[in-house]
Amino acid sequence: MPLDQALLLVRSTLLTLNDANHSGNYTVLRDLASQEFQARNTSADLALVFSDMRRSNLSLFSVMLLSPQLSSAPEIDAEGRLRVAGYVPTSPQQVKFEVAYEASSRQWKLLSLNISTAPLQTAAPSQEAPKSEPRKQAQAPKTPPKAPAAKGPPTKLEAAQSPAPQPQGASSQE
């Protein structure tokens, strides 16, 4: 997988999510995704998953100007799925992402999206580990992406723990 193609896929995905968050309409994000993603997430489900991000007014528009930094080379796993992980060096919060795509009709289509924010890392190591901001995830359940190394314990909200029903295959971590 050429690096520039992987970066283009990530940018496109994050900009589509940005538009969905600003408009409150997740139909296009869902419709551009794989059939497996669509089967697991309705537009309303995605609106619930990303509601905190939408309320915080986090803008992902900066991915047009700032190149996403990959934590490892894009890889195609044993199931033929493309996995890309890294961050966008925005300030004061950097946006971390893990995205998986599957091939469909000779195109890579979104299979899972895992996004979080964390304080921008400085060159000097700090005495105290910064806490991660809420993390949003929407994915197909078969093979969820590996969680990025986050500081602080993640909390997974599921239907049994949440007063509002959570969509299958989508979770919110705080």
Side-chain angles (χ1 to χ4, degrees), residues 1-23 25-43 45-50 53-54 58-90 93-118 121 132-151 154 156 166-173:
M1 164 61 61
L3 181 61
D4 59 341
Q5 185 180 3
L7 290 174
L8 183 61
L9 283 169
V10 168
R11 278 186 163 135
S12 176
T13 300
L14 293 178
L15 288 171
T16 302
L17 175 60
N18 187 62
D19 289 346
N21 282 339
H22 286 299
S23 69
N25 184 344
Y26 293 83
T27 305
V28 173
L29 177 66
R30 181 183 177 274
D31 289 351
L32 292 176
S34 70
Q35 288 181 349
E36 189 173 336
F37 184 95
Q38 291 175 18
R40 300 288 181 220
N41 299 288
T42 66
S43 297
D45 294 337
L46 295 172
L48 284 173
V49 168
F50 295 108
M53 183 180 286
R54 188 173 58 252
L58 175 68
S59 176
L60 300 172
F61 190 69
S62 60
V63 300
M64 290 297 291
L65 304 172
L66 300 171
S67 183
Q69 305 297 306
L70 302 184
S71 55
S72 60
E75 68 177 6
I76 297 178
D77 66 17
E79 296 178 7
R81 295 172 173 167
L82 172 64
R83 298 195 179 274
V84 185
Y87 66 95
V88 180
T90 53
Q93 300 284 316
Q94 68 182 4
V95 177
K96 295 182 178 185
F97 60 85
E98 286 192 24
V99 189
Y101 301 92
E102 76 178 354
S104 175
S105 303
R106 301 183 64 137
Q107 293 182 359
W108 289 111
K109 296 207 173 191
L110 180 64
L111 178 64
S112 67
L113 172 60
N114 192 345
I115 189 167
S116 64
T117 58
Q121 298 293 325
S132 293
E133 288 294 319
R135 176 180 170 155
K136 305 298 167 216
Q137 181 175 357
Q139 66 186 30
K142 261 189 186 176
T143 54
K146 299 174 199 168
K151 312 248 186 211
K156 185 173 183 179
Q166 293 289 317
Q168 183 178 10
S171 65
S172 172
Q173 292 188 3

Q35, CD atom: more than 12 neighbouring heavy atoms under 6.0 Å
no

Output the distance between atom CD (Q94) and atom OG (S62), rounded to the nearest 0.5 Å.
11.5 Å

Considering only heavy atoms from C-beta outward, does the side chain of L113 approach that of T13 to under 4.5 Å?
yes

Rounded to the nearest 0.5 Å, what's the gap from CG on D19 to CG on N25? Could you check?
10.0 Å

Nearest non-hydrogen partners of A118 and K96, listed with the distance:
CB-CE, 3.9 Å

A side-chain contact here means heavy atoms from C-beta on lying under 4.5 Å apart; do V63 and V95 qualify?
no

Here the gap from Q107 atom CD to S34 atom OG, rounded to the nearest 0.5 Å, amounts to 12.0 Å

For a 4.5 angstrom cut-off between non-hydrogen side-chain atoms, does L110 reach L29?
yes

Roughly how far, to the nearest 0.5 Å, is NZ of K109 from CG of L82?
15.0 Å

Report yes or no: does Y101 contribute a side-chain atom to a donor-acceptor pair with the main-chain N or O of L9 at less than 3.5 Å?
yes

Closer than 3.5 angstrom, by distance alone: can the side chain of R83 be matched with the main-chain N or O of A100 as a donor-acceptor pair?
no

Closest approach of R11 and M64, non-hydrogen atoms and distance?
NH2-O, 4.5 Å

Sub-4.5 Å side-chain heavy-atom contact between I115 and L60:
yes

Looking at every heavy atom in both S67 and L7, which two are closest together, and how far apart are they?
OG-CD1, 4.1 Å

Side chains of F61 and H22 in contact at under 4.5 Å (non-hydrogen atoms)
no

Test your reading of the model: is there a side-chain donor-acceptor pair from Q38 to the backbone of R30, 3.5 Å cut-off?
yes

Whether S71 side chain and A85 backbone form a donor-acceptor pair below 3.5 Å:
yes

Where do Y87 and F97 come nearest, in terms of heavy atoms and distance?
N-CE2, 3.3 Å

How close do A6 and P74 get, counting heavy atoms only, and between which atoms?
CB-CG, 3.5 Å

Regarding D45 and T42, is there a side-chain donor-to-acceptor distance under 3.5 Å anywhere?
yes

Grab the two heavy atoms, one from M53 and one from N21, that are nearest each other, plus how far apart they are.
SD-ND2, 3.2 Å

Hey, could you give me the CG/CZ distance between L58 and F50, rounded to the nearest 0.5 Å?
11.0 Å

Testing L8, V84, L70 one by one against L3 for a side-chain contact (heavy atoms from CB on, under 4.5 Å), which residue passes?
L70

